[in-house]
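Before any comments, here is the structure.
Protein chains get the first letters and strands the later ones, always in sequence-line order, with residue 1 at the start of each. Quick caveat, the model's predicted, so the values are computed rather than measured.
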Amino acid sequence: MTIKRRHTEELPEHPDFLWKNPSPKKSYDVIVIGAGGHGLATAYYLAKNFGITNVAVLEKGYLAGGNMGRNTTIIRSNYLWDESAGIYEKSLQLWEGLEEEVGYEMFFDQRGVMTLAHSVSDLRSKQRNFYANAVNDIDSQWLTPEEVKKIAPIVNISPDVRYPVLGATYQARGGIAKHDWVAWGYAKAASDLGVDLIQGCEVKKVKVENGKVVGVDTNQGFISANKVAMAAAGHTSVLSEMAGFRVPLQSRPLQALVSELLEHVLDTVIMSGAVHVYVSQAHKGELVMGAGTDAYNSYAQRGGFHVIEHQLASALELFPIFSRAHLLRTWGGIVDIAPDASPILGLTPVENLYINSGWGTGGFKATPGSGWAFADTIAHNRAHELVKPYSLDRFVSGHLIDEHGAAGVAH
Amino acid sequence: MLLINCPWCGPRDETEFHYGSEAHIGYPEKPEELTDKQWAEYIFYRNNPKGWFAERWVHNVGCRRWFNIWRNTVTHQFGPSYKPFTKQPSRPK
Amino acid sequence: MSTVQFTFDGVTYHGNKGEPLSAALLRNGIKVVTESSYRLRPRGVVGLGYEEPCALVQIDSGSGEPMVPATKIELVDGLVVRSLAGVGDLPNQIDKARYDKTFRHVDVLVIGAGLSGLKAAQKAANSGKSVIILDDQFEAGGYLKDLNEKIDSKILNSLKKNNVTHLQRTTAIGLYDQNYVVAIERRTDHLSAEILPEIARMRNWHIRAKEIILATGAFQRVLVFPNNDRPGIMLSHAAATYLHKYRVGTFNSAVVVTVDDFGYQDAIRIHKSGVKVQAIIDIRKKVTGKLLEQVKKLGIEVILGSTVVNTSADQSGSLNSVSIAQTSLEGEVIGIKQEIKTDLLAVSGGWTPTVHLATYLNLKPVWDKKIAAFVMPKLPQNIKATGFSNGEFDKVTNPPAVFFGIIPEGEDAKVSFIDLQRDANVRDLRRAVGAGLTSVEHIKRYTTIGTAHDQGKTSGTTTMGLLGQLISKEPHEVGTLTFRPPYVGVPFSALAGRDLGILSDPIRTTPIHSAHLLANAPMEDVGQWKRPWYFPIEKENMHDAVLRECKAAREDVAVMDASTLGKIDIQGPDAGIFLDRIYTNMFSSLKVGASRYGLMCGVDGMVFDDGVTTRIAEDRFLMTTTTGGAAKVLDWLEEWLQTEWPDLNVYCTSVTEHWSTVAIVGPKSRNLLAKLAPTLDVSNEAFPFMENRYAEVAGIPARIARISFSGELAYEINIEAWYGLHIWQEVMKKGKEFNIAAYGTETMHVLRAEKGFVIVGQETDGTQTPQDLGMDWIVSKKKDFIGKRSFTRSDTTRNGRHQLVGLLPLDNKTLLPEGSYIVNEGDSKKEGKLTHIGYVTSSYSSSALSRTFALAMVADGRNQIGKFAEVPIGNNVARVEIVDSVFLDKENTHRDG
Amino acid sequence: MDNLTQNRKSPLNNATLGNKKNIFLSEKPFATTLEIRVKPNSVTAKKIEKVLNIKFPNQVGQTFKSKNFTVLTLGPDWWMVVGANKHHEAKVRAAIGNGFASIVDSSAQRTFVEVSGKYAQVVLEHGWENDLDPKVFKSGMCAQAVLSRSPVIIYHGPIGVYHLYVRASFAQHLWNFLSDAAVEYLKK
């Protein structure tokens with residue numbers, strides 16, 4: 001009697017060769033600090049779009065070992081403010097051609113991203129988001145609870161749960177990708193174009209001479225550079241201090257979790273701000289889940305277990321079918337949060353020193369767009385159009401881009 | 001789950017507190033005399049050290065008092081907690 | 001041991017109650033339990049506990065559970081399980097079992113009840129300290145219990161003292177800051193295959209311990225060689241325990257392959273169980289001591305300097321022979337192969353101390369060459385480790401060899417498995433190194449080793465060892481893989497506990513809620529509050545109900561439950577000065593008995609709450625806040641008083657739920673109030689707008705305030721919350737003659753919008769200044785207040801900022817969607833991105849205006865009044881006129897009735 | 001019964017549940033409460049102590065009990081005087097003259113649920129994060145925190161008897177939580 005057991009297809013293999021492991025040269029045209037997704041993408045686009053290949057990406061740990069390896073891999077561009085829609089939509093368009101351009105499988109899967117609304121005021125702010133996307137020409141649909149159920153049958157749309165689903169925005173072009181494969185794709189492509197990827201190389205000091213950056217001290221000695229670009233999410237404050245200026249960022253733990261491999265029950269990405277959980281089911285079948293940050297500053301790359309428990313209780317209200325799934329693994333990244341929950345990009349008070357930071361909990365989706373626009377900014381030594389609104393001086397003028405979630409709960 | 005020593009109630013779980021980030025940031029004497037840059041420093045800029053940090057918490061579900069405390073943002077070890085407007089203990093080793 | 005029935009893959013078998021399912025499967029001759037996820041190779045039981053990499057099953061009886069190691073299921077009558085190939089099922093029916101959580105504080109927490117843990121608990125218990133000892137096995141004793149040896153009863157008795165809590169079947173899954181441990185207790189699966197609805201199936205223990213003692217034992221490692229994954233190849237400790245303790249029989253003969261003395265001890269146990277041990281194959285060149293004499297006495301051949309270099313199987317895929325050869329410690333096969341027929345190969349690949357919990361605090365384990373394993377990192381002072389988990393292997397005369405197996409190339413490499421559950425093998429490891437990867441973290445992701453359900457419990461150290469061999473480095477130079485909580489898989493339901501359904505989040509209701517339910521008013525969630533949304537009569541929909549309710553408020557009298565507003569009692573001689581600093585307008589000048597509307601900004605100058613504050617006495621004010629802002633505002637006031645202005649003599653106390661507020665609104669509200677409070681002079685002269693009077697209403701002492709959020713004559717009756725329902729019922733009863741109507745939040749929204757009053761959180765989203773809302777009149781020029789400095793920043797003074805205006809759709813039936821964006825005339829038809837000039841914040845049908853209307857925030861809005869614009873809605877476009885934000889009774893003639 | 005007593009309604013309508021032996025929950029409604037904030041050991045504080053014939057303990061978590069009142073210390077300058085009948089707010093306010101203190105009758109702000117029986121501590125430990133071991137949280141101590149997401153002040157009265165003061169709008173949720181937690185212990 002042959003027994004039918006549920007299987008999952010094995011992922012294809014990574015290529016035979018990934019990247020060289022050179023020790024650092026004495027000097028480079030551009031040093032990128034941080035070999036996370038944004039740092040690697042920046043180096044790739046510097047080489048690919050501007051022919052600047054005398055570039056080193058310095059990583060204190062192992063490549064893509066920071067937030068790039070610790071996120072819930074959600075991709076979308078249906079943000080509220082025009083400036084956010086700009087950079088995130090550019091990023092989504094780059095995602096759509098990325099695997100082919102870089103020549104690396106990334107499991108980029110436009111399976112749609114649904115953002116649920118759970119109260120009248122929540123409905124109102126999601127609807128405004130929906131209409132903002134319409135005028136910004138970003139594909140976004142409005143779903144009734146029944147339409148939510150049709151796309152994701154496992155969602156509990158019953159009216160007598162504590163916070164019933166009243167509707168949702170849905171971006172069909174949104175989706176997920178596999179974070180390691182994205183990072184290694186960019187790394188391999190950059191390495192093949194001549195960029196030096198240097199791991200186990202920690203920056204100790206950003207050397208500045210009369211207002212201009214000249215290089216960095218590392219545990220592998222001093223490396224001089226004409227330009228230095230910071231892309232070390234979570235550690236931006238530490239690096240800026242080394243260069244003698246301050247940034248309005250706070251580093252917070254952001255946790256994520258996975259289950260074991262399970263039968264496929266969810267084919268789209270579902271986010272619920274009011275109930276604090278977002279979830280997708282990865283290709284092999286593990287549930288990937290995340291929520292908000294822990295409440296205090298930390299560089300410990302871990303968070304409190306109560307945050308996980310709270311998120312799982314919310315998940316079971318929304319998806320009762322998950323009740324028997326097992327929590328298999330939890331981990332935490334260090335995200336840098338700006339006062340208006342928007343990135344801080346572009347030039348800094350130090351000449352030829354550039355900043356790419358503040359992506360908070362939304363960095364993964366911005367990886368291609370951030371790298372592309374940041375490379376352009378570095379190459380031309382001026383902020384690209386998409387980067388300009390995110391300059392440091394917005395905090396002096398007061399022109400913030402507040403993506404905290406529009407309306408508080410009132411009346 | 002951090003165990004935070006409220007100067008009045010003793011050690012309690014972190015879920016009983018609300019975080020106030022960097023301690024000792026005073027409301028400027030004469031806001032109207034500050035430049036926009038100085039005013040932005042007060043509103044938006046807080047230190048974000050990797051290591052020992054003098055920060056403030058409020059025991060908002062307990063005695064509802066604000067207090068300051070040393071904490072290492074890498075190891076989550078705590079130094080002494082101290083009441084507002086009292087002498088700050090030196091930075092732990 | 002009573003026998004019980006269980007069903008495996010549809011076939012019924014018998015086993016002994018309480019023994020592990022894996023033992024029962026073996027006893028019933030089931031060596032091939034399943035096939036591997038990707039290579040589909042037959043796989044059987046390998047281990048004895050949570051390290052089990054292959055025999056994972058789906059439990060279909062009781063609550064149902066996917067991917068459970070057969071080694072951790074206690075046999076119970078009626079158990080129904082199915083074999084899995086790495087992917088679990090999610091049952092659809094609701095789980096009726098109960099799950100809960102509990103919090104404990106204890107002096108000493110001992111994790112692990114093997115001999116070393118039991119001794120530590122005994123010592124602490126006898127010293128009078130409070131103790132919790134927990135262990136994931138079915139019974140205390142750990143390693144010794146597996147050897148069927150007895151535990152000294154004096155130790156077990158010390159655990160019965162009342163200062164000791166002893167928990168078996170309980171696994172510590174996480175160790176967090178300041179000695180906080182989370183452990184999951186499984187409480188009913190061993191009692192019955194059915195769900196026991198009254199007893200929590202799992203209990204989620206949260207334990208804060210002054211001192212933690214880690215006695216978490218160790219896991220035995222696999223060895224790597226071609227075809228090392230066949231059913232019949234098991235960890236030697238597991239094989240010896242199944243044969244000697246659980247008497248499973250099944251196997252005809254055994255071969256033991258070992259790197260340490262434990263192999264000898266397990267060989268002796270296998271021999272004692274009646275299964276002939278043909279040989280012990282020891283990689284080490286020289287072995288001495290008692291164990292060697294014992295095995296010689298039992299006639300067991302010992303072959304030194306050798307290991308297993310291949311195996312073969314019968315047609316079911318189970319092991320039927322092994323081939324051995326002289327092999328160097330570097331894994332180089334030097335001798336000629338020799339075949340031994342056997343159906344059991346017991347592998348003693350060395351022991352890995354269970355250091356997981358300690359490493360969760362970012363502490364790195366340390367390589368100890370003497371015991372060929374990574375041991376505990378340097379521990380903080382209130383955490384100690386003991387027993388196997390601390391590398392204390394006492395039964396060892398000859399040190400173990402640092403040997404993890406052989407690393408063949410070519411076809412053999414593809415069947416030399418390192419992570420059995422992921423089918424990850426030596427070929428994958430070689431390819432990873434060839435690809436330029438040096439970090440073990442990269443190699444783990446490249447090969448997927450250690451990412452499966454067992455999280456690398458048997459493959460972690462082996463991977464680091466073999467990688468070291470490949471790139472000629474010591475295991476510790478390769479770096480260590482990172483363990484992460486939870487230590488073992490935990491069902492979501494066990495972590496959600498009872499925070500589900502009705503208990504998932506508090507439902508806050510006002511004292512009048514029962515009346516709203518009687519009137520079957522649909523409810524709206526406002527934060528955690530349930531507020532009546534509207535009061536339908538018969539089959540009315542919301543639209544019709546709201547039109548009727550608005551009409552009553554404008555023409556007769558209507559009543560609303562306003563009890564959810566935040567209320568803060570502010571007392572002290574400096575209360576007035578304090579409020580001047582908090583609000584944008586003056587409050588120290590307010591007369592006693594009068595009320596005033598106030599707006600609150602953050603330091604960034606943006607509006608974040610508003611409400612009416614009443615001066616109760618010279619040194620006492622009662623502040624009201626928005627429902628959503630109640631807690632936030634009280635915290636805000638306390639923060640400024642405690643950390644900035646301790647010299648101000650002011651105290652704040654929340655009285656949000658002490659007072660219930662019933663608002664009666666409309667031209668006949670004065671007549672109704674006269675009926676309710678006969679002693680009160682309700683004339684406009686005696687009781688003017690924004691003033692307060694005290695009187696008994698329906699026999700209850702009340703403070704009545706002439707506050708209006710609708711522009712109509714209105715009175716807010718404030719009574720102690722115990723009387724809220726009584727006053728509501730009296731108002732409804734006495735209001736009949738004035739055809740009173742109850743109204744909800746929707747009507748309240750329409751009435752205030754008709755007057756152009758803003759709602760913080762609807763017109764505002766945290767980026768509007770008072771000036772943007774057209775409320776320059778409320779911004780004091782004289783005094784400083786929180787946020788004032790921000791008004792003069794460049795972006796706050798630029799023109800073109802969005803300002804509050806009204807919108808009238810040219811078709812007076814069109815209801816503009818709230819949140820819809822506004823564009824200049826003619827722009828809707830354009831392709832691609834449209835430049836928008838604003839968005840709709842509030843939009844309603846108005847019975848008073850007998851048309852639809854809206855409020856909006858529009859760029860440089862006040863200078864656009866009189867102009868036209870367009871609102872794209874899907875594919876059609878609504879043309880609108882930009883008008884002043886006050887639509888009704890601009891001269892406020894209704895206010896005084 | 002006068003008009004006031006007849007027409008009042010408490011958040012839990014005098015609900016009770018369980019059995020006296022194992023676990024017993026009962027609402028004890030309408031306790032009148034004065035919340036007093038005053039500088040500890042000040043002249044004004046002494047006047048209040050005198051007029052109510054009570055003592056303000058100065059350590060958070062300590063309580064004082066007299067025939068009429070139970071005084072719970074919630075903060076360094078914050079006390080809750082339970083059991084005062086209605087008229088005391090005016091009497092206290094008169095006694096302090098223009099001394100600086102905050103006197104608030106907050107009787108309806110909270111209701112009072114008593115938890116007793118053999119398993120009282122064990123049931124509370126299902127939702128209360130702090131140590132309830134009687135050697136640590138002794139009889140006569142109080143603590144304010146959260147119990148199943150509801151703001152609660154626990155006062156350990158006689159040994160094994162706990163008085164829970166919970167914000168009125170959270171009372172039903174707390175009751176639902178405690179009665180669900182009690183299920184396992186009712187028939188033990």
- Looking at D/A168, D/P11, D/S106, D/A101, which makes the most heavy-atom pairs under 4.5 Å with chain C? D/S106
- Message: I'd like to verify something: which residue of D/H173, D/K187, D/K39 has the highest number of heavy-atom pairs under 4.5 Å with chain C?
- Response: D/H173
- Message: Does any backbone or side-chain atom of D/Q172 lie under 4.5 Å from a heavy atom of chain C? Answer side chain, backbone, both or neither.
- Response: neither
- Query: Quick check: does any side chain N or O of C/R615 sit under 3.5 Å from a backbone N or O of C/E618, one acting as donor and the other as acceptor?
  - Reply: yes
- Message: Taking the basic N atoms (NZ, or NE/NH1/NH2) and the acidic carboxylate oxygens, is any pair closer than 4.0 Å for C/R620 and D/E89?
- Response: yes
- Honestly, is C/R498 close enough over C/Y99, meaning NZ or CZ under 6.0 Å from the six-membered ring centre and within 45° of the axis? no
- Would you mind telling me which of D/S150, D/P29, D/G127, D/S10 has the largest number of heavy-atom pairs within less than 4.5 Å of chain C? D/G127
- Item | C/T624 (side chain) donor-acceptor with C/L565 (main chain) under 3.5 angstrom | no
- Message: Is D/W128 in contact with chain C via its backbone, its side chain, both, or neither, using a 4.5 Å heavy-atom distance?
- Response: backbone
- Top residue by heavy-atom pair count (under 4.5 Å) with chain C, among D/N98, D/N130, D/V122, D/L124? D/N130
- Item | Spacing of CD1 belonging to D/I23 relative to CD belonging to D/Q121, to within rounding of 0.5 Å | 11.0 Å
- Item | Distance in Å, C/T165 OG1 paired with C/L134 CG, rounded so as to fall on 0.5 Å steps | 10.0 Å
- With chain C, the option among D/N176, D/V104, D/D180 that has the most non-hydrogen atom pairs under 4.5 Å is D/D180
